[in-house]
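Structure record follows, encoded as structure tokens.
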Amino acid sequence: MDILSGLAADIKNQVQHLFDYEISQEHLIINPTNKEFEGDYTFVVFPLVKQLKKSPQDIADGLGKALVAESQLVTGYNVVKGFLNLSIDSKYFLSVLKGILGDENYGQHPDNGQTFMIEYSSPNTNKPLHLGHIRNILLGWSVAKIASANGYKVIKTKVVNDRGIAICKSMLAWKKFADGETPESSGIKGDHLVGKYYVEFEKAFQSEYKSWQASDDGAQAYKENGKEGELEENFYKRYKNTYFNQFSALGKEAREMLIAWEDNQQETRSLWETMNGWVYDGFATTYKALGVEFDDIVYESDTYLLGKDTISDGLETGVFYKKEDNSVWVDLEDVGMDHKIVLRSDGTSVYITQDLGTAAVRYDKYKFDRQVYVVADEQEYHFQVLFNILKKLGAEYADNLYHLSYGMVDLTTGKMKSREGTVVDADVLMEQVIETARDSAEERGGLEGLQESEKADIYRKIGLAALKYFLIKINPRKRMVFDPKESVDMQGTTGPYIQNAYVRIQSILRKANGEKGAYSDDTALENAEKDILVMLLSYPDVIKEAFAKYDPSTVANYMYSVAKSFHKYYHDYRILSAETDETVSLRIDICKAVARVLEKGMDLLGIEMPSYM
RNA sequence: GGCCCCGUAGCUCAGUUGGAUAGAGCAACUGACUUCUAAUCAGUAGGUCUCAGGUUCGAAUCCUGACGGGGUCACCA
């Protein structure tokens, strides 16, 4: 039997019996008892005071007495102010323990028959993945895992932004400057090579722009368009896009390339395919290193024309309206927003047009019950607009869409900007954390008997655990500062700290060799053991809560508290050399249960557990 | 300026469907390894929970208003 629901039922009955009062669910508040008090669970009696017109002390006292007498679960109580602290019979905790050990999928909620769709990662193909992508990817992966643990059928997807002006810039620079360089010829990973030429383009463009600024035309533009008192520097920063579109020779070439691509021109298409191919090979390596996968990959080149049908339908039903210049708009003032464009005056799509189309196609294909988009918080407004348009269009799934908005990652030196070369590269970063894990493991020793390949695998697991836990322990919506030193910390609230608890258990289990004696159902438990079991018992609820909030940090923080409790227990109690064989068996079982929850919970965060460290 | 998010110890963060004396980690200092892995444990020190009102038996948590920081408001994606 479940302790909590049993306890709730017993309390409800006794309140009815003693005071002739039916307690409502919202007033039936039961929490694990705080450390500094005696007891396992605490019932808060304050909400009853008004109704029953008795003092908190009297209510708690009467209820405590009755529970000890009538409830199988309760063996003792004490009252502090309006808090009734209840001690639970050890045998119920032993049954919790048996339940965990007997359930290889402990924490997994039953299949609910619903489909959960999640879009994450969604990279551009003109540059490699960086730290910001890692946060996105880890969040997406983890929410997908958590959804699955909640009984959903999960479909993980990403939209690859494989077309557009950005990739054309890389292509153009490659044609101009690369002299036929390939990943094979240069030994550079494909996505990095393409990124290199994106940077080359930017350099060439900047130098072209600089000379233009010094020219008469440039000076003229500043004179005519500069705002009152605006510094030249600021003006030219602001004016960059205009320059690119109207005056730049490189800009013109890049745009021509885009048009050639849209016209399906052979040479451009073939270069595009080649370079994107390099990028995909590179991405595949990075995703694999991060340990993530996708079920369905959508390429923007296949979908960028989608959504136009949706626009014409919307025009007919009056959701959209056309301006004189032929551009199409939606009026969102009734939901507190502006008018937004959904189709350009030349009839081409804007970003949101594609999103409208993609959402519709995706729903037709999968009939998802919920869909989450994992995208940075700078796009919050965009998703508000998207969801509201879908609502207006009468899409039945519109209410089941959610934008999981996460804060951007800053560096200690400021914002990451790819144009300014201040990004932290994903591949380099992973390499570094693994290297750091190796250094500190070698310094510490303890892996002597293992093969080199086993050691390398352990360093990888530890390094990635440090990095991943560092990123995912923080509430997604908070902007975070990435300090490279802290990200490889392996002490305190870190991935390796949690791994270490697991490794200690593995070590014990290796040394346990065989069963000792069975322990009986009324073996007494130490308070520390009850505390651990109370915590393990709450694991399925943690999974539920994490999904309800779409927040993996809930799981991360819980994992830390489990590991912390175990470390203390390990320090305070002997396990293999406990007083009796029965106690040894009991403690080994507790270790096994802790290990099970640690391993499963960390898996939800995409973190692997080593057997040694 | 409108809308959204954030503000808790020196630093990084938990805690926010209202519950006990607001918790961790890092950094600092002290102690514990011939004993199951010290990537550990224990202790000291560190707080007007940004501020001001309000609701409540009870507010870091809910409401109102300030203040500070960030994001966004493109025929960009």
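Distances from the side chain of A:Tyr381 to the nucleotides B:U72, B:C36, B:C41 place B:U72 closest. Here the nucleotide nearest the side chain of A:Leu576, chosen from B:C41, B:C36, B:A74, is B:C36. When distances are taken from the side chain of A:Asp338 to each of B:A24, B:U37, B:C73, the shortest belongs to B:C73. Closest approach to the A:Tyr570 side chain among B:A77, B:C41, B:C36 is made by B:C36 (side chain taken as heavy atoms from C-beta onward). With B:C41, B:A74, B:A20 as the candidates, the nucleotide lying closest to the side chain of A:Thr42 is B:A20. Each of B:U72, B:A77, B:A20 was ranked by its minimum atom distance to the side chain of A:Gln379; first place goes to B:A77. Side chain of A:Lys564, nearest nucleotide from B:A39, B:C41, B:C36: B:C41. Taking the side chain of A:Lys568 as heavy atoms from C-beta on, and the options B:C41, B:U37, B:C36, the nearest nucleotide is B:C41.
Within the 6.0 Å centre-distance limit, the rings of A:Phe547 and A:Tyr550 are counted as a close aromatic pair. The aromatic ring centres of A:Phe83 and A:Phe46 sit less than 6.0 Å apart. Ring-centre distance between A:Phe235 and A:Tyr239: below the 6.0 Å cut-off.
Using modelled atom types and a 3.5 Å distance limit, the side chains of A:Asn276 and A:Tyr299 yield no donor-acceptor pair.
Using a distance-only test at 3.5 Å, with no hydrogens or angles considered, no donor-acceptor pair links the side chain of A:Asn161 to the main chain of A:Glu300. Using modelled atom types, one side-chain atom of A:Arg255 and one backbone atom of A:Phe244 make a donor-acceptor pair closer than 3.5 Å.
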Just the atom pairs and distances: protein N or O near nucleotides 11-16 of chain B's N or O, under 3.5 Å.
from, atom 1, to, atom 2, distance (Å)
B:A14, OP1, A:Asn475, N, 2.9
B:A14, OP2, A:Lys478, NZ, 2.5

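Helical stems in RNA chain B, defined as runs of 3 or more consecutive Watson-Crick or G-U wobble pairs with donor-acceptor distances under 3.5 Å: B:1-7 with B:67-73, B:10-13 with B:23-26, B:28-32 with B:40-44, B:50-54 with B:62-66.
Residue contacts for A:Val350: at a heavy-atom cut-off of 4.0 Å it reaches the sugar-phosphate backbone alone, with no base atom in range. Contact annotation for A:Pro56: no contact, since no heavy-atom pair falls under 4.0 Å across all strands.
Regarding A:Tyr573, its OH atom lies at a distance of 21 Å from the C1' atom of B:U37, rounded to whole Å. Atom P of nucleotide B:C4 and atom CG of A:Leu386 are separated by 19 Å, given to the nearest angstrom. Regarding A:Lys35, its NZ atom lies at a distance of 8 Å from the P atom of B:A24, rounded to whole Å. Distance CD1 (A:Ile341) to C1' (B:C73): 15 Å, rounded to an integer number of Å. Note: CD1 (A:Ile462) to C1' (B:A39) measures 8 Å, nearest angstrom. One atom, CD1 of A:Ile508, and another, C1' of B:U40, lie 12 Å apart when rounded to the nearest Å. Atom CZ in A:Phe37 sits about 15 Å away from atom P in B:G19, given to the nearest Å. As a whole-Å value, the separation of A:His382 NE2 from B:A77 P is 10 Å.
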Inset, instruction - Could you go through the side-chain contact (heavy atoms from CB on, under 4.5 Å) check for A:Leu332 and A:Val385 one step at a time? - result: CA-CA 8 Å; A:Leu332 293 173; A:Val385 171; 3.8 Å; yes
Legend entry - Criterion side-chain hydrogen bond (donor to acceptor under 3.5 Å, both in side chains) on A:Asp355 and A:Tyr373, from CA distance to verdict: CA-CA 11 Å; A:Asp355 272 359; A:Tyr373 298 84; over 6 Å; no
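Under the ring-ring contact (aromatic ring centres under 6.0 Å, His included) test applied with A:Tyr560, the options A:Tyr497, A:Tyr469, A:Phe566 reduce to a single match, A:Tyr497.
Under the 30°/60° scheme for interplanar angles, the aromatic rings of A:Tyr539 and A:Tyr558 are found to lie parallel.
For B:A39, the base has no donor-acceptor partner in the side chain of A:Thr494 [N/O atoms by modelled type, under 3.5 angstrom]. Side chain A:Asp355 to base B:A77: no donor-acceptor pair is found below 3.5 Å.
Rounded to the nearest Å, the gap between the P atom of B:A38 and that of B:C33 is 12 Å. Comparing B:G15 with B:G19, their P atoms are spaced 13 Å from each other, to the whole Å.
To the nearest 0.5 angstrom, A:Met613 atom CE is 12.5 Å from A:Tyr502 atom OH.
Residue A:Arg510 places no side-chain N or O under 4.0 Å from the OP1 or OP2 atom of B:C36.
Projected onto RNA chain B by closest heavy-atom contact, A:Asn85 and A:Arg444 fall at different nucleotides, the more 5' of which corresponds to A:Asn85.
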